[in-house]
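All residue numbers in this chain count up from 1 along the given sequence. Computed from a prediction, not measured in an experiment: that's the story for all the values here.
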Amino acid sequence: FSDEKPSTPTNIDNTQDGNALQVRVYPNPTHDILMVENAQGNVLRLYTIGGQLVTIQPVNNGSAQVKMSDLHSGNYLLISGNQSFQVIKQ
């Protein structure tokens with residue numbers, strides 16, 4: 001049994017070819033794998049809050065999985081195209 005609160009996906013509206021898409025980043029906070037749907041561009045970049053690049057993850061058909069299990073707990077910045085998302089690793 002866990003005392004953790006359920007995570008809430010981070011959503012940002014994105015328009016592509018006149019169709020509204022919503023970038024989804026979940027679960028946030030995460031322990032292991034961060035899922036990203038409707039990502040912009042060909043890659044995702046994950047940075048520490050201090051600005052150090054941690055990983056570059058390819059995007060396949062707008063989706064990606066970012067492995068965060070080996071990272072230290074804390075706040076990170078995920079960049080998808082021209083959008084950024086704060087991600088919490090627990």
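Of all the heavy atoms in P27 and T30, the pair that sits closest is O-CB, 3.2 Å. Here the closest non-hydrogen pair linking P58 and A64 is O-CB, 3.6 Å. In plain terms, the two heavy atoms of D32 and S69 that are nearest each other are OD1-CB, 3.1 Å.
Residues forming a side chain to side chain donor-acceptor pair (under 3.5 Å) with Q65 (at least two apart in sequence, or on another chain): none. Residues forming a side chain to side chain donor-acceptor pair (under 3.5 Å) with N60 (at least two apart in sequence, or on another chain): none.
Q40 places a side-chain N or O within donor-acceptor distance of the main-chain N or O of N82, the cut-off being under 3.5 Å.
Side-chain atoms of V23 and F85, non-hydrogen and from C-beta on, do get closer than 4.5 Å to each other. Within the 4.5 Å cutoff, the side chain of Y47 has no heavy atoms near those of the V54 side chain.
Connection of L71 to V87 is established within a shared hydrophobic cluster, with ILVMFWY side chains joined at heavy-atom distances below 4.5 Å, either directly or through further cluster members. Clustering ILVMFWY residues whenever any of their side-chain heavy atoms sit less than 4.5 angstrom apart, transitively, puts I88 in a cluster other than the one holding I49. Linking Ile, Leu, Val, Met, Phe, Trp and Tyr residues whenever their side-chain heavy atoms come within less than 4.5 Å places L77 and I56 in a single cluster. Under the 4.5 Å side-chain contact rule for hydrophobic residues, I79 and L44 do not share a cluster.
When the options L78, L46, V66 are evaluated for a side chain to side chain contact (heavy atoms under 4.5 Å, CB included) with Q57, the one that passes is V66.
Here the CG-OH distance, from L34 to Y26, works out to 9.5 Å after rounding to the nearest 0.5 Å. Rounding to the nearest 0.5 Å places NZ of K89 at 7.5 Å from NE2 of H31.
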Tell me, with the steps shown, if N42 and V59 meet side chain to side chain contact (heavy atoms under 4.5 Å, CB included). CA-CA 5 Å; N42 297 321; V59 174; 5.6 Å; no
